[in-house]
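Numbering of ligands and ligand atoms starts at 1, following listing order.
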Amino acid sequence: MTLSTVAQELAWLYLAAPTLVGSVRDFAVFLARSEPEIAAAVVELAPFKCVVLDREDATLGASAITFEETTDDNRRALTAALTALAPAGGQPRRRSAFGYSPVLVGRDPRMLDVYDTIERVSHTNATVLLLGESGVGKEVVARTIHAESLRADRPFVVIDCAAIPPSLLESELFGHERGAFTSAVATRIGKFEEADGGTVFLDEIGELPLDLQAKLLRVLQTRQFTRIGRPVPVSVDVRFIASTNVDLERRVREGTFRDDLFYRLNVVTVRIPPLRERRADIPLLVQRILASLSRRNGVAPRWLEPEALGRLVSYAWPGNVRELENVLERALILARGPMITAADLALSDAPADGAPPRPEPLRTLREVEMEHIRRVLDATDGNESRAARILGIHRDTLSRKLRRLRGPVNGVRSEWRA
Ligand SMILES: Nc1ncnc2c1ncn2[C@@H]1O[C@H](COP(=O)(O)OP(=O)(O)OP(=O)(O)O)[C@@H](O)[C@H]1O
Ligand SMILES: [Mg+2]
């Protein structure tokens, strides 16, 4: 992160949400702590005026912010302030006013509860169960717990219980000896052994098949298991973190999830609230996400028009932070002007407060697909390459679908071809 991107981040956040940023100095310090190499560089932003503590030239896009070199007195005062804030050992101190860390952002009281639990459990070996809707940040929290623990320099191994085919899951988890089955041409260690000394993240634990639930329970109880084809027990030292977006207690009642495994997992439970229940965090998340998206995609940073930010704050976010990231990425790529507009966001008019949407007539997949293609083409002014990229399909596939849609006689909507 260079000095000018830091300055831009500060400026954006301040312009977008001045009341949210109680103290700009706090935010500057948060950034400085999270990016130690610029710690000596930043720091004070008064409205529309940023004072930067070194000679590096900072260029800001369209905004009216100016930079000045500071006086020696200021420099000394700020260096002292930063030194006081920086903890011993150079590790960034956690829990600023803006979030737990640069990757775990938000200061809603319910997130502060989450941070509290993280702090209390990270140094223990307790099993943690993370609950929350899809996209709320379960994996971010799991990684944070690992990073804060004494196991931080050992592996963090993710086991996605929903994505590995059930037939491979056992060999993935426990490993196998050469010749254990026909395709086992070499001995392979499993995820549990790979994670020795570190943390195993059991993602989507609710999807684990019943027979493997029994085997996992044994590992949780004994920290021992056997590779397939070798009946000698292997011991490992791992910490378990599990996550789910389903109601495990209901699964237990229905008989699809073992109650004994549930009790083993349910030692420390962290519930991560959906985004619609912590809307005040949205501008902060938007700021962090836009900054990292523009870095990652190598595009010029853009901020939002106030109306667009308003839409983001009032939207229902059924897909939570992940959906917010997707919406912003699309908008950042598609926006034409220097600012992202409400139209660039292409949000549907879903009710904002989590009320169930009005029932719609049931349509065929083909109709839904075509309507979606139409929306994306409208948003891209008919540019098929860009539309295909957003849709995540090959351009040829899109052309084929369009030919079918437009039918043999003329085009359905020739104005797509701007
Ligand atoms: N508090 C947060 N601060 C910053 N980024 C966040 C936060 N919460 C989530 N994200 C980002 O949102 C995305 C989704 O988060 P994550 O993968 O942790 O969610 P999840 O709950 O595991 O979702 P799923 O159920 O879909 O697997 C990630 O890219 C993550 O970096
Ligand atoms: Mg996840």
Side-chain angles (χ1 to χ4, degrees), residues 1 9 12-13 17 20-21 27 30-31 33-35 92 94-119 128-148 156-164 191 199-208 240-248 251 265 269-297 312-313 315 317-332:
M1 190 184 255
E9 293 204 21
W12 278 344
L13 191 69
L20 189 79
V21 183
F27 185 61
F30 169 67
L31 286 175
R33 276 205 308 253
S34 56
E35 309 275 347
R94 307 290 169 171
R95 302 192 56 176
S96 82
F98 300 91
Y100 191 88
S101 73
V103 292
L104 184 54
V105 176
R107 60 173 201 181
D108 184 277
R110 298 183 59 190
M111 287 309 284
L112 300 184
D113 288 346
V114 172
Y115 303 160
D116 251 345
T117 316
I118 294 177
E119 276 187 347
V128 180
L129 179 60
L130 303 174
L131 306 176
E133 291 176 12
S134 167
V136 285
K138 296 185 292 294
E139 184 160 344
V140 187
V141 170
R143 286 184 187 276
T144 304
I145 294 174
H146 173 74
E148 294 285 286
F156 177 85
V157 175
V158 180
I159 298 174
D160 187 339
C161 303
I164 303 175
K191 301 263 189 188
T199 304
V200 168
F201 179 46
L202 299 159
D203 204 5
E204 307 289 356
I205 186 84
E207 307 310 316
L208 196 68
F240 287 97
I241 302 179
S243 94
T244 183
N245 57 18
V246 302
D247 182 348
L248 279 187
R251 295 260 166 122
L265 293 172
T269 308
V270 183
R271 227 171 257 283
I272 305 167
L275 193 53
R276 64 182 171 279
E277 290 177 14
R278 45 180 162 116
R279 292 183 191 281
D281 285 349
I282 292 176
L284 282 171
L285 283 162
V286 168
Q287 187 275 336
R288 293 306 297 172
I289 293 168
L290 279 180
S292 80
L293 279 175
S294 58
R295 267 198 297 273
R296 212 168 59 215
N297 293 319
L312 293 181
V313 172
Y315 183 69
W317 300 114
N320 295 294
V321 186
R322 188 186 304 290
E323 186 184 8
L324 176 63
E325 283 181 341
N326 293 340
V327 165
L328 288 174
E329 178 153 27
R330 189 179 55 200
L332 191 66

Tell me, yes or no, whether the heavy-atom count around Arg271 atom CZ, taken from other residues, nucleotides or ligands under 6.0 Å, exceeds 12.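 Open: at most 12 neighbouring heavy atoms sit under 6.0 Å from CZ of Arg271.
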What residue and heavy atom of the protein are closest to [atom], and at what distance?
atom	answer
atom 22 (O) of ligand 1	Glu139 N, 3.3 Å
atom 4 (C) of ligand 1	Val103 O, 3.1 Å
atom 15 (O) of ligand 1	Gly137 CA, 3.6 Å
atom 10 (N) of ligand 1	Val321 CG1, 3.4 Å

Are any of the heavy atoms in Glu325 under 4.0 Å away from ligand 1?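 Under 4.0 Å: yes for Glu325.
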Does ligand 1 have any atom that is closer than 4.0 Å to a heavy atom of Gly132?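 False for this residue.
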Going by distance only, is there an N or O of [X] that falls short of 3.5 Å from an N or O of ligand 1?
X	answer
Arg278	no
Ser134	yes
Val105	yes

Show which atoms of ligand 1 fall inside a sub-4.0 Å distance from at least one heavy-atom site of Leu104.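 With Leu104 as reference, the close atoms of ligand 1 come out as 1 (N), 3 (N).
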With heavy-atom distances below 4.0 Å as the criterion, list the atoms of ligand 1 near Leu285.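 This gives 2 (C), 3 (N), 4 (C) as the contact atoms.
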For atom 20 (P) of ligand 1, state which one of Glu323, Lys138, Arg288 supplies the nearest heavy atom.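 The residue whose heavy atom sits nearest atom 20 (P) of ligand 1 is Lys138.
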Under the salt bridge (charged side-chain N to carboxylate O under 4.0 Å, His left out) test, which residues partner Glu325, sequence neighbours left out?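 Salt bridge (charged side-chain N to carboxylate O under 4.0 Å, His left out) list for Glu325, sorted by chain: empty.
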In terms of side-chain heavy atoms, does Asn245 have a donor or acceptor partner in Ser134 at a distance below 3.5 Å?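 Checked: Asn245/Ser134 side chains show no N/O donor-acceptor pair below 3.5 Å.
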Start with the C-alpha gap between Glu148 and Arg143, add the side-chain angles, then the distance that decides, and say whether salt bridge (charged side-chain N to carboxylate O under 4.0 Å, His left out) holds. CA-CA 9 Å; Glu148 294 285 286; Arg143 286 184 187 276; over 6 Å; no
